[in-house]
Amino acid sequence: MKAIVDCNNFYCSCERLFKPHLKTTPVVVLSNNDGCIISRSDEAKKLGIKMAQAYFLSKTSLKQHGIVAFSSNYNLYGDMSKRVMETMQSMFPLSCIEVYSVDEAFVDLSHVPANELHATVKELKERIGQWTGIPVSIGVAPTKTLAKIANRLAKENKEKSHCMLLLDTPGKVNAALKRTLVSEIWGVGKQFATKLDKFEVKTAFDLKQMPEEWARQQLGGVVGVRLIKELKGIQTIGIDEQLATKKMVSCTRRFGHPLTDLNQMKEAVAMYVSRAAEKLRRQQSAAQQMTVFVIEKAFDKGEVYTPNEPIKRDVVLPVATSVTPELIKPAIELLEKLYTPGIVYEKAGVIFSKLIPDGSLQANFFVAASSAEQKFLMNKVDNINFSMRNEMVKFASSGVERSWKMKQELLSKRYTTRWSELREIN
DNA sequence: TCTGGGGTCCTAGGACCC
DNA sequence: TCTGGGGTCCTAGGACCC
């Protein structure tokens, strides 16, 4: 059996941890730039606040209902996530745990006897609650896809389920599948859902009845076949080994306000490069390829906001590197080629790909590899940035004015990672 | 005024090789 | 007159996830 452990309304729960007076107040957390709503407490959901709603369009209704909004505080969420995952490790070996996202992890329970499953899962849920203060929901079933379905249903009726649901018999599995729309299945997005609807396949149970050959032709080849197998209880997606180093690393952001000035955009892009390069160094990778993109501001008076497509360019780096200045230069060159005077831009981004381990840097006959001194320097910069305020040491090209910087007007404190921002009790 | 960011995997089709 | 076919690698784009 597999379990999925999912933190309830994770970002909202983190915000509430240090503000107990908000325990029953509806709360939402906003995306970068205070753009839209990306996490909602149960109370906010009940009041009809939708996921991904634009904040500036929701302000009145939030105010009306007394809903409290926060800018996203990734320092806090990242640290709380780590604590939740570490708590799970106190009950299960590392090899049984797959951290799937900041607020979710799969656990392989195949070593737990059937008659102990319920007690084990209950213990896990309570321990996480006690040790971290974060409420979680747990779904258990024979495959990952079924466990995700169990989890959804557990969350749907928290009073009854106590945030836990075990699908440990075929009867329970089928009942759950009949209550699940295809669009709610893990792995079925908008496109597949539309397609399935045309074939009159409405519920997960319906989908399970479809022939695998049909799925191969209609639902993206092996992806569709796997999906049906998983619904049938045949495991096709295992528990992945941990911490696979990333295959690409990026930093992309909307500007605080639209930009037309090349110099300001250069500052922003230089900043994104140094952010992404930090990520590279953290996982000891070096990039062989870099892509820069910009997005033109979408002026539409229509009902649905549809952003423009990115305009991008990439370059193969003469030598794989993770040294910020070596990456800033080609990035700026790409940007200069992309930039058109007079155009209003709303977003830009940098993507590093074709990553290789930093230790085995491929030497290029014509270009000297990053010198040891440069690496030493980058290391120091990272350490200072980590232990001091973010970005205390930054590169001159990333600017000092930073009028392009994102908005975070409702930011809470970094209670768990900064001594100076510790919660005080008077 | 103001609409997130960061990833993964798979496939089709072109390039290239023998 | 007649001008192959099969395999592999790479890439862009599409689908999905949280």
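Every chain is numbered from 1, with letters handed out A, B, ... down the list of sequences.
- In this structure, A:R254 reaches the B:dG4 phosphate: one of its side-chain N or O atoms is under 4.0 Å from OP1 or OP2.
- Look at CG on A:N32: it is 13 Å from C1' on B:dT3, rounded to the nearest Å.
- Separating the NZ atom in A:K329 from the CE atom in A:M290 is a distance of 11.0 Å, to the nearest 0.5 Å.
- The residues A:E278 and A:R281 are annotated as not salt-bridged, no charged nitrogen and carboxylate oxygen being separated by less than 4.0 angstrom.
- Counting heavy-atom neighbours within 6.0 Å of A:Q284 CD, excluding the residue itself, gives a total of 12 or less.
- Using a 4.0 Å heavy-atom distance criterion, A:F192 is classed as a sugar-phosphate-only contact.
- We find the CG-CZ distance between A:D240 and A:F106 to be 9.5 Å, quoted to the nearest 0.5 Å.
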Any protein N or O atoms within reach of nucleotides 7-9 of chain C? Criterion: under 3.5 Å, listing atom names and distances.
none

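- In this entry the distance linking NZ of A:K354 with C1' of C:dT11 reads 8 Å, nearest Å.
- Between A:K337 and A:E333 no salt bridge is recorded (no basic side-chain N to carboxylate O distance below 4.0 Å).
- Here A:K232 pairs with A:E212 in a salt bridge; the nearest charged N to carboxylate O distance falls below 4.0 Å.
- OP1 and OP2 of B:dT3 both lie 4.0 Å or more from every side-chain N or O belonging to A:K297.
- Counting any heavy atom pair closer than 4.0 Å across all strands shown, A:K59 reaches no nucleic acid atom.
- Only the C1' atoms considered, C:dG4 is 15 Å distant from B:dC16, to the nearest whole Å.
- The phosphate of B:dG6 (OP1 or OP2) has a side-chain N or O of A:T252 nearer than 4.0 angstrom.
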Report task. Given side-chain hydrogen bond (donor to acceptor under 3.5 Å, both in side chains), test A:D79 with A:T416 step by step and report yes or no. Result -> CA-CA 7 Å; A:D79 187 62; A:T416 63; 2.7 Å; yes

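- A:V102 comes within contact range of no nucleotide atom at all, as no heavy-atom separation falls under 4.0 Å.
- Toward the 5' end of DNA chain B, the nearer of the two residues A:G220 and A:P258, judged by each one's closest nucleotide, is A:P258.
- Residue A:S101 has its side chain nearest to C:dC18 when only C:dC18, B:dT11, B:dT3 are considered.
- For the pair A:M248 and A:K347, both in contact range of DNA chain B, the more 5′-proximal nearest nucleotide belongs to A:K347.
- Between the P atom of C:dC18 and the CG atom of A:N151 lies a distance of 10 Å, rounded to the nearest Å.
- For A:F56, counting side-chain heavy atoms from C-beta on, the closest listed nucleotide (C:dC18, B:dC2, B:dC10) is B:dC2.
- Within 4.0 Å (heavy atoms only), A:D103 reaches sugar-phosphate atoms of the nucleic acid but no base atom.
- Between A:R313 atom CZ and C:dA12 atom C1' there is a gap of 17 Å when expressed in whole angstrom units.
- Aromatic ring orientation, A:F255 versus A:Y272: parallel (interplanar angle below 30°, classes split at 30° and 60°).
- C:dG13 is paired with B:dC10 under the criterion used here, namely a Watson-Crick or G-U wobble arrangement in which both key atom distances are under 3.5 Å.
- In terms of modelled atom types and a separation under 3.5 Å, the side chain of A:S58 and the main chain of A:S61 share no donor-acceptor contact.
- Closest to the side chain of A:C36, from the set C:dA15, B:dG4, C:dC18, is B:dG4.
- Between A:R253 and the phosphate of B:dG6, there is a side-chain N or O to OP1/OP2 separation shorter than 4.0 Å.
- Remark: A:K279 is in phosphate contact with B:dG6, judged by side-chain N or O atoms under 4.0 Å from OP1 or OP2.
- At the heavy-atom level, A:E104 lies under 4.0 Å from the strands shown only through sugar-phosphate atoms.
- No engagement by A:R216 is indicated, since no non-hydrogen atom pair under 4.0 Å with the nucleic acid exists.
- Within 4.0 Å (heavy atoms only), A:K148 reaches sugar-phosphate atoms of the nucleic acid but no base atom.
- Rounded to an integer number of Å, the gap from A:Y272 OH to B:dG5 P is 8 Å.
- The separation between A:Y74 atom OH and C:dC18 atom P is 16 Å, rounded to whole Å.
- Counting any heavy atom pair closer than 4.0 Å across all strands shown, A:I185 reaches sugar-phosphate atoms only and no base atom.
- With rounding to whole Å, A:R40 atom CZ is found 16 Å from B:dG4 atom P.
- Here B:dG6 presents its P atom at 16 Å from OH of A:Y77, a figure rounded to the nearest Å.
- Note on A:K312: every side-chain N or O is 4.0 Å or more away from OP1 and OP2 of C:dA12.
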